[in-house]
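The next block holds one structure in the form of structure tokens; read it before the comments.
Keep in mind it's a predicted model, so treat the numbers as computed, not measured. Numbering of residues begins at 1 and proceeds along the displayed sequence.
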Amino acid sequence: VALARRLLGVGVCTREKAALLIGPPPDALEAGTGGLAAALASQGLRVVLFVATNGRFGGDPDNRTREQAEAARLLGAEVLWGNLADDGITSGRATITPLERAIAAVRPSLLLTHWPRYTHQDHRRLSAATLSAARRVPNIFFYEGPSSYSFLPTTFFCIDDPMDTKMKALGSHQAQLCRTRIADFASATALRRAAEARLGRYAEGFVPFRTALFLGDEFVHDEEDRRG
């Protein structure tokens with residue numbers, strides 16, 4: 001709870017029942033928000049990774065599935081697979097429906113999704129579909145990736161403690177490490193965001209889409225909660 005408060009800011013809802021992190025292929029979540037995921041899990045919060053595709057265009061899909069499972073284990077998170085077509089995600093109903101099902105199953109109070117300004121179409125479209133599916137989620141933040149542009153974070157989270165876990169989880173994705181510089185991106189970006197925020201040595205940056213103020217003893221999650 002204290003950890004969530006530091007992320008969300010003074011006076012913002014700290015009643016996170018679960019955190020749902022939305023990513024297109026395997027490795028996107030570890031690179032963009034693996035430190036926060038590990039930190040939340042270490043505090044006893046349920047952390048669920050929704051991985052939309054098996055990333056078959058970035059390597060053997062069976063290997064990438066196994067790598068994602070190992071990365072989640074290291075973070076202390078669960079995996080939900082979207083089973084969407086790699087390089088073929090849409091922003092319409094075909095993507096919104098599995099996202100809605102994941103949100104209904106997890107009932108997150110905190111959701112993170114990819115920054116919509118990205119050079120790969122899967123990332124852009126998944127982000128748009130997430131905002132449609134997550135209309136009732138009270139706290140939504142965007143995270144960044146290697147090909148994000150115009151990303152100017154205003155919320156930062158120190159990941160000095162979980163940095164090793166983040167990099168080990170990212171290291172599980174051998175298919176990508178062999179063909180991209182995603183580990184370099186993750187470490188360099190963590191140094192940069194910490195310097196920007198004057199917050200420890202390593203940090204992750206986020207852009208808020210919506211945050212919910214917590215003003216009472218109980219936090220109302222959605223209309224179903226209001227009806228009891």
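The stretch residues 182-200 participates, sequence neighbours left out, in these salt bridge (Lys or Arg N to Asp or Glu O under 4.0 Å) pairs: E144-R193, R181-D184, R192-E196, R193-E196. Sorted by first and then second residue, the salt bridge (Lys or Arg N to Asp or Glu O under 4.0 Å) pairs with a member in residues 154-171 read K166-E204; sequence neighbours excluded. Among residue pairs with one or both ends in residues 67-78, those qualifying as salt bridge (Lys or Arg N to Asp or Glu O under 4.0 Å) are R46-E78, E70-R73; sequence neighbours excluded. Sorted by first and then second residue, the salt bridge (Lys or Arg N to Asp or Glu O under 4.0 Å) pairs involving residues 169-178 (not counting sequence neighbours) form an empty list.
Taking CZ from F206 and CG from L112, the interatomic distance works out to 5.5 Å, rounded to the nearest 0.5 Å. Separating the CZ atom in F141 from the OG1 atom in T33 is a distance of 10.5 Å, to the nearest 0.5 Å. Annotation: the span from F50 atom CZ to I103 atom CD1 amounts to 9.0 Å, rounded to 0.5 Å. Between D86 atom CG and T53 atom OG1 the span is 3.5 Å, to the nearest 0.5 Å. The CZ atom of F209 sits 11.0 Å away from atom OG1 of T130, with the distance rounded to the nearest 0.5 Å. Here CG of L111 is found 9.5 Å from CG of N139. Values are rounded to the nearest 0.5 Å.
Contact record, F156 with A197: CG-CB, 3.4 Å, taken as the closest heavy-atom pair. A169 and A71 get closest at one heavy-atom pair: O-CB, 3.4 Å. Residues P61 and N54 approach most closely at CB-ND2, 3.5 Å, considering heavy atoms. Of all heavy-atom pairs between L126 and A52, the closest is CD2-CB, 4.0 Å. Between L74 and S172, the shortest heavy-atom distance links the atoms CD1-OG, 3.5 Å. Nearest heavy atom pair, residue S127 against residue F142, reads OG-CE2, 3.6 Å.
Residues Y143 and F185 fall into different hydrophobic clusters, defined by Ile, Leu, Val, Met, Phe, Trp and Tyr side chains chained together at heavy-atom separations under 4.5 Å.
Distance alone, capped at 3.5 Å, places no donor-acceptor pair between the T97 side chain and the A94 backbone. With hydrogens and angles disregarded, no donor-acceptor distance shorter than 3.5 Å links the side chain of T95 to the backbone of S91. Side-chain N or O atoms of D122 include one that pairs as donor or acceptor with a backbone N or O of I89 at under 3.5 Å.
Contacts of R210 classified as side chain to side chain contact (heavy atoms under 4.5 Å, CB included), with partners at least two apart in sequence or in another chain: I140. Partners of R117 by salt bridge (charged side-chain N to carboxylate O under 4.0 Å, His left out), not counting sequence neighbours: none found. Applying the side chain to side chain contact (heavy atoms under 4.5 Å, CB included) test to E100 and every residue at least two apart in sequence or in another chain returns R93, I96, A133, R135. Every residue two or more places apart in sequence or in another chain that forms a ring pair (Phe, Tyr, Trp, His ring centres under 6.0 Å) with Y118 is listed here: H114, H123. Listed by chain and number, the residues in a side chain to side chain contact (heavy atoms under 4.5 Å, CB included) with Q121 are D87, R124, R125 (sequence neighbours excluded). Contacts of F151 classified as ring pair (Phe, Tyr, Trp, His ring centres under 6.0 Å), with partners at least two apart in sequence or in another chain: W115. Judged as a side chain to side chain contact (heavy atoms under 4.5 Å, CB included), and not counting sequence neighbours, the contacts of A190 are I159, M163, Y202.
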task: Verify side-chain contact (heavy atoms from CB on, under 4.5 Å) between I182 and E30, making sure each step is shown before the conclusion.
output: CA-CA 10 Å; I182 195 166; E30 289 77 16; over 6 Å; no
task: Let me see the working for L75 and T165 under side-chain contact (heavy atoms from CB on, under 4.5 Å), right down to the final yes or no.
output: CA-CA 7 Å; L75 294 176; T165 302; 4.1 Å; yes
task: Output, in order, the C-alpha distance, side-chain angles, deciding distance and verdict of side-chain contact (heavy atoms from CB on, under 4.5 Å) for L152 and V207.
output: CA-CA 7 Å; L152 299 174; V207 174; 5.7 Å; no
- prompt: Yes or no on side-chain contact (heavy atoms from CB on, under 4.5 Å) for T211 and T155, after CA distance, side-chain angles and deciding distance?
  reply: CA-CA 11 Å; T211 58; T155 302; over 6 Å; no
Side-chain polar contacts of residues 19-27 - donor-acceptor pairs under 3.5 angstrom, sequence neighbours left out - could you list them?
residue : atom : partner : partner atom : Å
D27     : OD2  : R64     : NH2          : 3.1
D27     : OD2  : Q176    : NE2          : 3.4

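Side-chain contact between V79 and V51 is present, with heavy atoms from C-beta onward closer than 4.5 Å. A heavy-atom distance below 4.5 Å is not found between the side chains of V137 and L110. When side chains are defined from C-beta on, V48 does not count as touching P108, because their heavy atoms never get closer than 4.5 Å.
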